[in-house]
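Single-structure report; data block below.
These numbers come from a predicted model, not from an experiment.
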Amino acid sequence: MPSLAKELRGTANKRIASLPPAQIRAFDEEISGVPGIVKLTLGEPDFDVPEHVKQAAVKSIQQNDSHYSASRGTLALRQAISRYLKTSRQVDYDPATEAIVTVGATEAITATTFALLNPGDKVIVPTPIYSQYFSSIALTGAQAIIVNTAPDGFLLTADRLRKELAQAGTGVKAVVLNYPNNPTGRSYSATEMAELAQVLADHHLIAIVDEIYSELVYDHQFVSLASQLPDQTVLINGLSKSHAMTGYRLGYLAAPAELVEQISKMHSFMVTAANDTAQAAALEALTNGQEDPAIYRQQYQHRRDHLAGAMRALGFEIAIPDGAFYLFAKIPAQYGDDDVQFARDLAHQARVGVIPGSEFGPGGEGHIRLSYAAADSQIDAVIDRLQTFMTKLNKAPFVKLS
């Protein structure tokens, strides 16, 4: 087993070296060895890819569709993306110049931040939020202005955004929005989105909006910022959550052509192009699978209501999610804000796996995230184990259990 020559130690990129590994995955791996643990940790749909989508992938392979794709993605798929966004967002994106097919929404985030941000730029990042944004911004040399949205129901209000912009001073280039949000499931009403759009327009800011959970909204109509501010918005989406296609690694983005021109350079430097078979499956999903997410959405809403009701009965405070498939719960008062310790105690003493809320930024401290993209039997087992754990915790003097 080779060991790096001592003369080469410390030669890695300093920005990379200063960052921790992906914390969600790291915590999941830390607790995975607990015997008999039931994990509600990762945002991984437990459903199968729709059969007609799988068959489109099979057909692609059988037809030897295995050559380099156009860097921005096949024109047919970009046309399907444009049609979908026209129907769902009422925005006309030119498939030739205003859309890129990416290797998951994750790559879209990275390509966008690297293409648009310069060292010293400032980016407003409301937290809690998917943690990749922190590392992607840091690697560009830009500065993330972290906003704790917990006092405002886990939403970035227009008033709060104005205050943060005033405090940040000059150099703010962009705002990141993720809705429905990972980890809280919270989203924005039409009024709230219109108010945010006005602030963004007044300050001439780029909006990087992550809408990967947009097809999984339960109690109201999904509202996209792109519908109200298309000339300042980079819209990021994909098929991983809507069609349970996480392993296909298929995402996309849409934006004004001037921005796409720069983002497409970074995209081609990193990955050349998305693979043909995943694109064939995505084309089928967007063309003939518009109703596929409906059955998932129905099941997720049932699971949300079941798990949220049970946890509230156990004393947890929960902001009921508008979409996605996560519950974000405040930890027991005995732990203060030490959500990492609480999550470890749950893993080792109750054999329940969750993600500490602080992994999603300061707005998540003192909370845990549970993914209900899991079978009903797993959710029932978690509820039973939580009940036992909380009964013991409430009866005994507080002692950290692990």
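Formation of a donor-acceptor pair under 3.5 Å by the Lys122 side chain with backbone atoms of Thr170 is found in this model. A donor-acceptor contact shorter than 3.5 Å links the side chain of Ser264 to the backbone of Glu261. Under the 3.5 Å distance criterion, the side-chain polar atoms of Gln90 are matched with a main-chain donor or acceptor of Thr87. A distance-only check finds no donor-acceptor pair linking the side chain of Ser371 to the backbone of Gly43 [under 3.5 Å]. In this structure, the side chain of Arg369 engages the main chain of Thr41 through a donor-acceptor pair within 3.5 Å. Between the side chain of Lys241 and the main chain of Leu216, no donor-acceptor pair closer than 3.5 Å is present. No donor-acceptor pair under 3.5 Å is formed between the side chain of Thr233 and the backbone N or O of Pro230. Side-chain N or O atoms of Glu164 include none that pairs as donor or acceptor with a backbone N or O of Ile124 at under 3.5 Å. At least one donor-acceptor pair under 3.5 Å links the side chain of His203 to the backbone N or O of Val199. Side chain of Thr74 to backbone of Ala70: no donor-acceptor contact under 3.5 angstrom is found.
Here Leu155 contributes atom CG and Ser187 contributes atom OG; the two are 8.0 Å apart, rounded to the nearest 0.5 Å. From Ile236, atom CD1 reaches atom CD of Glu211 across 9.5 Å, with rounding to the nearest 0.5 Å. Rounded to the nearest 0.5 angstrom, Leu370 CG and Lys39 NZ are separated by 13.5 Å. How far CE of Met390 is from CE of Met311: 8.5 Å, rounded to the nearest 0.5 Å. Note that CG of Asp322 is 9.5 Å distant from OG of Ser189, once rounded to the nearest 0.5 Å. Residue Ile206 holds its CD1 atom at 11.0 Å from CG of Leu229, rounded to the nearest 0.5 Å.
Taking the side chain as every heavy atom from C-beta outward, Ile146 and Phe134 approach each other to under 4.5 Å. Contact check for Asp376 versus Arg303: side-chain heavy atoms found under the 4.5 Å cut-off. Residues Asn178 and Asn181 form a side-chain contact, since some pair of their non-hydrogen atoms from C-beta on lies under 4.5 Å apart. Side-chain contact between Asn148 and Glu365 is absent, with no heavy atoms from C-beta onward closer than 4.5 Å. Within the 4.5 Å cutoff, the side chain of Glu192 has no heavy atoms near those of the Val223 side chain. Taking 4.5 Å as the limit, some side-chain heavy atom of Ile81 sits within range of a side-chain heavy atom of Leu286. Side-chain contact between Met193 and Tyr179 is present, with at least one heavy-atom pair separated by less than 4.5 Å. Between Pro321 and Arg186, every side-chain heavy-atom pair lies at or beyond the 4.5 Å cut-off.
Here Glu284 does not pair with Lys59 in a salt bridge; the nearest charged N to carboxylate O distance is not below 4.0 Å. Under a 4.0 Å N-O distance rule, the pair Asp28/Arg25 does not qualify as a salt bridge. Note on Glu98 versus Arg72: no salt bridge recorded, every NZ/NE/NH1/NH2 to OD/OE distance being 4.0 Å or above.
Put simply, the residue from Tyr130, Phe325, Tyr300 that forms a ring pair (Phe, Tyr, Trp, His ring centres under 6.0 Å) with Tyr213 is Phe325. A side chain to side chain contact (heavy atoms under 4.5 Å, CB included) with Leu386 is found for exactly one of Thr391, Val354, Leu346, namely Leu346.
A perpendicular orientation is assigned to the rings of His367 and Phe154, their planes being inclined by more than 60° (bins at 30° and 60°). Taking the six-membered ring where tryptophan is involved, the planes of Tyr296 and Phe47 are essentially parallel, since the angle between them stays under 30° and well short of 60°.
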Go through the steps for Ser358 and Gln23 under the test side chain to side chain donor-acceptor pair (under 3.5 Å), then give the verdict.
-> CA-CA 10 Å; Ser358 55; Gln23 294 298 289; over 6 Å; no
side-chain contact (heavy atoms from CB on, under 4.5 Å) evaluation trace for Asp210 with Val176 | CA-CA 8 Å; Asp210 181 349; Val176 170; 5.9 Å; no
Stepwise side-chain contact (heavy atoms from CB on, under 4.5 Å) check, Gln279 with Leu250 = CA-CA 7 Å; Gln279 291 190 76; Leu250 201 291; 4.1 Å; yes
In sequence, state the C-alpha distance, the side-chain angles, and the governing distance for Thr149 and Ile129, and then conclude on side-chain contact (heavy atoms from CB on, under 4.5 Å).
-> CA-CA 10 Å; Thr149 66; Ile129 196 170; over 6 Å; no
For Ser214 and Arg89, run side chain to side chain donor-acceptor pair (under 3.5 Å): C-alpha distance rounded to whole Å, both residues' side-chain angles, the deciding distance at 0.1 Å, then the answer.
-> CA-CA 11 Å; Ser214 62; Arg89 274 69 166 174; 3.1 Å; yes
side-chain contact (heavy atoms from CB on, under 4.5 Å) between Val53 and Leu239: does it pass, once the steps are laid out?
-> CA-CA 11 Å; Val53 176; Leu239 284 297; over 6 Å; no
From CA spacing to verdict: side chain to side chain donor-acceptor pair (under 3.5 Å), Tyr335, Asp345 | CA-CA 11 Å; Tyr335 281 81; Asp345 285 352; 2.6 Å; yes
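Residues Ile331 and Gly336 come closest through the heavy atom pair CD1-O, 3.5 Å. Asp292 and Pro50 get closest at one heavy-atom pair: OD2-CG, 3.5 Å. When all heavy atoms of Leu205 and Ala174 are compared, the closest pair comes out as CD2-N, 4.4 Å. Across Ala381 and Val38, no two heavy atoms sit closer than the pair CB-CG2, 4.4 Å. Residues Ala280 and Ala56 share a closest heavy-atom pair of O-CB, 3.9 Å. Taking both residues in full, the closest heavy atoms of Leu259 and Ala255 are given as CB-CB, 4.3 Å, listed atom of the first, atom of the second, then distance.
Shown here is Arg15, whose CZ atom has more than 12 heavy atoms of other residues, nucleotides or ligands within 6.0 Å. For Leu75, the CG atom counts as densely surrounded, since its 6.0 Å shell holds more than 12 non-hydrogen atoms of other residues, nucleotides or ligands. The number of heavy-atom neighbours closer than 6.0 Å to CD of Glu30, taken from other residues, nucleotides and ligands shown, is above 12. More than 12 heavy atoms of other residues, nucleotides or ligands shown are found within 6.0 angstrom of CD on Glu51. Within 6.0 Å of the CD atom in Glu317, the count of heavy atoms belonging to other residues, nucleotides or ligands does not exceed 12.
Centroid-to-centroid, the aromatic rings of Phe360 and Tyr326 stay 6.0 Å apart or farther.
For Ser88 and Glu215, the side-chain atoms include no donor-acceptor pair closer than 3.5 Å. Side-chain atoms of Glu44 and Thr246 form a donor-acceptor pair, as typed in the model, at a separation below 3.5 Å.
The stretch residues 269-278 participates, sequence neighbours left out, in these side-chain hydrogen bond (donor to acceptor under 3.5 Å, both in side chains) pairs: Ser60-Thr277.
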